[in-house]
Amino acid sequence: MYTKVDDYNNMIGTVLEGNDAPDIYFNFSWMYGRDQYKASIDHAENLADSALGLDLDCIRSNIILNTDDGTLPMVPVFSNTYGMLVNKDLFEKEETTSIFTLTA
């Protein structure tokens, strides 16, 4: 059964402390270290626990949140990547002008 938590960012800690806490919920890396979200982080499974048998090698280590106490309360599910790669030599070879300003 899916239940949407209204005002998720402000209510997730309260919901997790209640009698009808969800089995699955999201933590976001920006929540870690903020008192307002402590209950949310505290309720998270420690995904670094070897007894869980999780293989996290498929996740780049630089995007995994390393907490101060060594627990792993979340792994990245969503990712945004911004940027563009441009082959300047190809533009020059084709004598193409671009709407972009290219800088080295």
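Quantities reported herein were computed from a predicted structural model and do not represent experimental measurements.
Every residue two or more places apart in sequence or in another chain that forms a side-chain hydrogen bond (donor to acceptor under 3.5 Å, both in side chains) with Asn62 is listed here: Arg60. Residues passing the ring pair (Phe, Tyr, Trp, His ring centres under 6.0 Å) test with Tyr25, sequence neighbours excluded: none. The ring pair (Phe, Tyr, Trp, His ring centres under 6.0 Å) check on Tyr37 picks up Trp30, with sequence neighbours excluded. Evaluation of the side-chain contact (heavy atoms from CB on, under 4.5 Å) rule for Val5 yields Tyr8, Met11, Val15 as partners, not counting sequence neighbours. Scored by the ring pair (Phe, Tyr, Trp, His ring centres under 6.0 Å) test, Phe26 finds Phe78 as partners (sequence neighbours excluded).
Taking every heavy atom of both residues into account, Ala48 and Gly70 meet most closely at CB-O, 4.1 Å. Of all non-hydrogen atoms in Ser40 and Leu16, the two that sit nearest each other are CA-CD1, 3.6 Å. Between Ala39 and Gly13, the closest heavy-atom pair is CB-CA, 3.8 Å. Ile64 and Pro76 get closest at one heavy-atom pair: CG1-CD, 4.4 Å.
A side-chain contact (heavy atoms from CB on, under 4.5 Å) with Val75 is found for exactly one of Leu54, Ile63, Leu65, Leu56, namely Leu56.
We find the CG-CD1 distance between Asn27 and Ile41 to be 4.0 Å, quoted to the nearest 0.5 Å.
For residues 41-58, the pairs satisfying side-chain hydrogen bond (donor to acceptor under 3.5 Å, both in side chains) are Lys38-Asp42, with sequence neighbours left out. Applying the side-chain hydrogen bond (donor to acceptor under 3.5 Å, both in side chains) rule to pairs touching residues 67-77 yields Thr67-Asp69, Thr67-Thr71, Asp69-Thr71, sequence neighbours excluded. Note on residues 2-15: pairs passing salt bridge (charged side-chain N to carboxylate O under 4.0 Å, His left out), not counting sequence neighbours, are Lys4-Asp6.
With a 4.5 Å cut-off on side-chain heavy atoms, Met31 and Asn9 count as touching.
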